[in-house]
J.: 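Right, I'll just put the structure down here and ask away after.
Chain identifiers are assigned alphabetically (A, B, ...) following the order of the sequence lines, protein sequences preceding nucleic acid strands; residue numbering begins at 1 within each chain. Note: hydrogens, waters and symmetry copies are ignored here, and every other heavy atom, side chains too, is used.
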2 protein chains.
Amino acid sequence: MTDEGRRNVRDLRRANRARLLRQLYFHGPLSRQDLIQATGLSSASVSNVVADLLDAGLVVEAGAVESEGGRPRILLRVDTSSFEVIGIDVGETRIRLERFDLGLGELAALDLPVIGGSLDPEAVVPAIAAGLAELRAGAAAPLLGVGIGVPGIVQHQPYAVVHGQTVGWDAFPLEERLREHTELPLFIDNGATTMAQAEMWFGAGRDVDSAVFLLLGSGAGAGVIADGAPFRGSTTSAGEWGHLNVQYQGRLCRCGARGCLEAYVGAEAVIARYAEAAQAAGSAGIDASDEEEALRLILAAAERSGREGEAARSVLDETAVRIGVGIADVVNFLNPQRVIIGGWAGLALAPSLLPRIREVVRAHALRLPYSLTSVDLGALGADAVARGAATLPVARLLEAGA
Amino acid sequence: MTDEGRRNVRDLRRANRARLLRQLYFHGPLSRQDLIQATGLSSASVSNVVADLLDAGLVVEAGAVESEGGRPRILLRVDTSSFEVIGIDVGETRIRLERFDLGLGELAALDLPVIGGSLDPEAVVPAIAAGLAELRAGAAAPLLGVGIGVPGIVQHQPYAVVHGQTVGWDAFPLEERLREHTELPLFIDNGATTMAQAEMWFGAGRDVDSAVFLLLGSGAGAGVIADGAPFRGSTTSAGEWGHLNVQYQGRLCRCGARGCLEAYVGAEAVIARYAEAAQAAGSAGIDASDEEEALRLILAAAERSGREGEAARSVLDETAVRIGVGIADVVNFLNPQRVIIGGWAGLALAPSLLPRIREVVRAHALRLPYSLTSVDLGALGADAVARGAATLPVARLLEAGA
DNA sequence: ATGACTTAGTTCGAGACGTGATTTAACCTG
DNA sequence: CAGGTTAAATCACGTCTCGAACTAAGTCAT
């Protein structure tokens, strides 16, 4: 039904240029011969299109492969220094800005703490603007654009508006507000989706084309990749994994509903549940300055014997069970080739909970989709959201082929 | 990452031919002028491509539109009599075969009861073969193919194998087995997906491009449409809505897990739950020869006063609540523009339960995705599965443009 | 009835593209 | 340095879409 697509011969060339560029970006360096093999185009066309790309400065020669009796193959690669991009992770506990080259090699980074643990959108805009200015100062190549991952649903109408129901962002016009501070192209998307894109390009999803990436931080979300591309639903709100209902009339979630997964498995929820359990057990609970430390203390407590350890182990076990059930839902409903757990809280919790999580998934998923999937940890660490945000302008470039 | 797509100028023509054919199929009859508007192609190209389609016999002239001072526009439409297709619904309670013209107008139908309420795959194959032979007898045009909707997960490896965990089909090689009886092209897919396709083309999804269709029969499944096309996951198992976990350690589901939605909302589950409730209340329960009658009796009982009515109302109310929660999950996670309830049980239950279902969805869904969606009844009735199956060969024709 | 006007559809020449065949380039071996 | 081998560029050809010119088929005023 979409009215996009090739119409005339020039669109055809654009598509073929994009195809070669993409191949070189993800599998380069390659020779022209390799490109013929990989794309099915004729040698004449590959020569022509490569000449285009060389002229545009997007691709450069990268040495030659040693000859085996004939003319040696000249290798080609994307010139990663031809453009730079900026990726921003607007998290509930901090804002992280990073500058990358076109190949997503990190060039500079900046961490801004969120003041008072509250993500006031009115404070976020000037913070990002200042960070952007600082990062741009060192750039050695034109900036392709700025990608931003946010903790909420993004609606393009046509300028990005963010609905962060759980962090108090009510239809905040982030794109328009940032537009006052910069003329750079802006790409705003849900943070879980950007994380998913980063893991697909460079991490745990490199070798599949359908996967679900769980972002466990203060809350819980997911990025869904289908057929190699982000699945966004009719707005971009697909992937609100944290608000699957796992318990009828269960715990109250900060979204206002009862029984959401996020009310059990996000860092905020785990900490709250531990506080309740500790109180019930008559022990002291924990005293931490922030969520990351609190989570570390709970994990440490679980190693100890006695009532305190018992409470921590029980809270963590239920966390694993709820995550496992949530993953089984995803496996049954979306049939991904892989489920990847990421986010700072996910990366902190999963190493010790993974066996239990897998056990629960096995018990609750249908046999066939279960047999075709696996549950693993993210490969990129906690900066995957910012890195994935930076892939957005690059993806645009690869699609356009210029 | 996909390696499909246009390469040379002939592929370009094929794509444009497909584009025009598709436009005529869904929005015809149209004049060449309308096609220029709709596709953005030049008048010259439209003339050429239309000439192709006329030569191929796929399109015919269909009168003219009255002139407004100039030469009248000649209308074009797809010749629906140029091909016929067969669609088959393999349901848990019956097998339905239908023959259609290319425009999915029904030409003939055949209903085969499932003997003994058990869907033995070894009995299904000869039944389908016999039904096919009977239906083909009356065909007046070449048969484009046979589409089959089945109650289970379909894996193409490369011939369709059906995993119907809840009906006891264990990797049944349906395509190979049917191949022994017919040389017609076979298109096998999950029944919920075919129903979704039918509703998208001709029913409740005509004006959107992202929707979820719930198939409530003996069990419960869903067909997911994203960007106008069926979402199939890495195999075709996406959409196993009935096995979302809605209650930790809840009722035992026939899939073997506990707390699946299907253990609460499928006809089989509703009848079982009513039997338990009636027994607990000391009333007689129901005595019906099949599931459809049983469901009717329960709905009728809910209209009566007294303990019996009370039990029925309570069972139906929980059914509505569970369906509502299951829909809220879908709304949050996939962000569809519409959620449509279909299937014979869904169509029987939903009229009376819809207000309660909507109330529960509202309470459990996030505000934004809730505000962008609606929950409604299917528009095509219970033969949507067979009709949707028949769309599969047609979809192939429209994609190929010849 | 006639001719001016209007709109629909076709034809024509130009420009762009991809392809297979041919030619040129660059290396190796003896 | 000649003969062989493989890579890359070039050429001639066919196909495509497009804009413009042209033909077809109506209406309307006179």
J.: Quick check on dG9(C): is either OP1 or OP2 less than 4.0 Å from any side-chain nitrogen or oxygen of Ser43(B)?
T.: no

J.: Could you write out each protein N or O paired with an N or O of nucleotides 15-18 of chain C at a distance under 3.5 Å?
T.:
residue : atom : partner  : partner atom : Å
dG18(C) : OP1  : Asn16(A) : ND2          : 2.7
dG18(C) : OP2  : Arg13(A) : NE           : 3.0
dG18(C) : OP2  : Arg13(A) : NH2          : 2.9

J.: Treating Thr391(A) as the side-chain partner and Val394(A) as the backbone partner, does any N or O pair qualify as donor plus acceptor under 3.5 Å?
T.: no

J.: Can you tell me how far CD1 of Ile188(B) sits from NE2 of His156(B), rounded to the nearest 0.5 angstrom?
T.: 6.5 Å

J.: Side chain of Gln337(A), backbone of Asp209(A): donor and acceptor closer than 3.5 Å?
T.: yes

J.: Nearest-nucleotide wise, let me know which of Glu68(A) and Arg73(B) is further upstream toward the 5' end of DNA chain C.
T.: Arg73(B)

J.: Judged by atom type as modelled, is there a donor-acceptor pair below 3.5 Å linking the side chain of Thr39(B) to the main-chain atoms of Leu35(B)?
T.: yes

J.: Would you kindly give the CG-to-P distance between Leu75(B) and dT7(C), to the nearest whole Å?
T.: 18 Å

J.: Within the structure, does a side-chain N or O atom of Gln33(B) lie under 4.0 Å from either OP1 or OP2 of dT7(C)?
T.: no

J.: Under 4.0 angstrom, heavy atoms only, what part of the nucleic acid is Ser67(A) near: base, sugar-phosphate, or nothing?
T.: sugar-phosphate

J.: Using chain B heavy atoms and a threshold of under 4.0 Å, write down where along DNA chain D the contacts begin and end, 5' to 3'.
T.: dT15(D) to dT27(D)

J.: Taking salt bridge (Lys or Arg N to Asp or Glu O under 4.0 Å) as the definition, give me every residue that meets it alongside Glu66(A), ordered by chain and number, with sequence neighbours left out.
T.: none

J.: Without swapping roles, check the side chain of Asn8(A) against the backbone of Asp11(A) for a donor-acceptor pair under 3.5 Å.
T.: yes

J.: Verify the distance criterion only: is there a donor paired with an acceptor across the side chains of Asp34(A) and Ser31(A) at less than 3.5 Å?
T.: yes

J.: Once hydrogens and angles are ignored, does a donor-acceptor distance under 3.5 Å link the base of dA26(C) to the side chain of Arg71(A)?
T.: no

J.: Checking Glu84(B) side chain against Ala140(B) main chain: does a donor-acceptor pair fall under 3.5 Å?
T.: yes

